[in-house]
Amino acid sequence: MTKSAPRAARIIRFEDLPHWLFALLTVGGFNAIAFGGLVCTRRFGQWLGLYTVIDNDTVSAIFSAVLVMYAISLGLIAVASWGNSSAAAAAASEEASHIATVYRTLGGFPQPLQDNLKDSVVRYTQSIIEKAWPAQQRREVTEEGIEIILHLWKGITQFEPTTSGQVVVHGQVLDNFNKLVEFRRRRIEAASYAVPGALWAVVLIGAAVSIFGSYLFKIESLWVHGLLTILLTTMIALLVFFIATTDHPYSGSNAIEPRAYEIILRYLQRYN
């Protein structure tokens with residue numbers, strides 16, 4: 001695959017559009033389809049004489065039950081999607097914080113080991129910003145920087161403290177390094193966070209069923225019927241828009257940015 005192919009793929013993804021445009025397209029598209037379906041259903045129903053035998057009270061009871069079940073399902077999916085996005089942001093922030101902590105505690109190591117390991121921390125931070133983050137934006141799970149992590153681990157574990165102060169510092173460095181590795185793992189896992197295809201099927205099929213249920217009410221005025229359908233459809237479309245924008249934490253117009261790492265890198269380079 002050429003380098004231009006991934007760029008083309010990113011251009012056609014709806015979630016890469018500005019929020020206002022994506023929201024407008026989602027709401028507008030849902031409402032256009034819903035209103036068109038209403039017009040066709042009313043004409044077909046009137047032609048078959050279905051509206052003469054429909055009882056609004058019965059339809060209302062069944063429609064309410066369907067809508068409640070769908071609303072609960074959609075709400076839970078939206079909360080889960082937001083939770084994944086928040087967890088991804090927290091993992092990145094914590095990893096950046098522990099990079100700075102490891103760098104500071106390495107100040108207790110003797111030279112030249114101290115400078116060697118500090119330089120590795122700086123290079124690791126740069127690799128996240130320059131290589132790992134762009135890969136995550138392409139929704140790729142990357143192990144970029146693992147060589148630097150292994151080099152750090154080897155240098156830290158092979159160091160043998162000779163004073164009580166170095167023993168304390170060595171323990172702190174090991175503890176902070178282990179936390180760094182843990183949050184690195186969480187960040188990498190977060191790159192694959194997404195609403196499964198089966199749940200997207202539930203969302204879209206449930207939306208179709210719920211909107212179709214609104215067609216079955218016997219309302220004389222098409223415009224009143226259309227207004228009620230549009231109100232329902234708009235709420236469903238907004239929730240679908242929210243799920244779509246939080247679906248992939250590291251890609252799209254709502255993507256998490258590597259600002260925490262950039263701030264830490266400036267700090268490290270200033271005091272390196």
How long is the span from the [atom1] atom in [X] to the [atom2] atom in [Y], to the nearest 0.5 Å?
X: Ile128; Y: Gln136; atom1: CD1; atom2: CD; answer: 8.5 Å
X: Ile211; Y: Thr233; atom1: CD1; atom2: OG1; answer: 4.0 Å
X: Ile236; Y: Asn31; atom1: CD1; atom2: CG; answer: 10.0 Å
X: Thr101; Y: Lys179; atom1: OG1; atom2: NZ; answer: 8.5 Å
X: Leu265; Y: Glu130; atom1: CG; atom2: CD; answer: 8.0 Å
X: Phe241; Y: Leu25; atom1: CZ; atom2: CG; answer: 10.5 Å

Would you check if the side chain of [X] reaches a backbone N or O of [Y] as a donor-acceptor pair within less than 3.5 Å?
X: Asn176; Y: Val102; answer: no
X: Ser64; Y: Ser60; answer: yes
X: Arg42; Y: Ile219; answer: yes
X: Thr125; Y: Val121; answer: yes
X: Gln166; Y: Thr162; answer: yes

Heavy-atom side-chain proximity of [X] to [Y] below 4.5 angstrom:
X: Thr246; Y: Asn84; value: no
X: Ile264; Y: Glu95; value: no
X: Trp47; Y: Arg43; value: no
X: Tyr124; Y: Ile99; value: yes
X: Leu174; Y: Thr157; value: yes
X: Tyr70; Y: Val209; value: no
X: Ile243; Y: Leu74; value: yes
X: Asp247; Y: Trp200; value: yes

Shortest non-hydrogen contact from [X] to [Y]?
X: Gly226; Y: Leu38; answer: CA-CD2, 3.4 Å
X: Ala92; Y: Tyr250; answer: CB-OH, 4.3 Å
X: Ala207; Y: Phe30; answer: CB-CE2, 4.3 Å
X: Ile256; Y: Ala89; answer: CD1-N, 3.3 Å
X: Ser214; Y: Leu232; answer: CB-CD2, 4.0 Å
X: Ile33; Y: Tyr215; answer: O-OH, 4.1 Å

Does the pair Glu182/Arg185 count as a salt bridge with the N-to-O cut at 4.0 Å? yes
Take a 6.0 Å sphere around CD of Glu220 and say whether it holds more than 12 heavy atoms from other residues, nucleotides or ligands. no
Ile205, CD1: over 12 other non-hydrogen atoms inside 6.0 angstrom: no
Regarding Gln111 and Asp115, do their side chains bring together a donor and an acceptor under 3.5 Å, going by distance alone? yes
Using the ring pair (Phe, Tyr, Trp, His ring centres under 6.0 Å) rule, pick out the option among Phe183, Tyr267, Trp133 that qualifies with Tyr261. Trp133
May I ask you to check whether His225 and Phe217 place their ring centres under 6.0 Å from each other? no
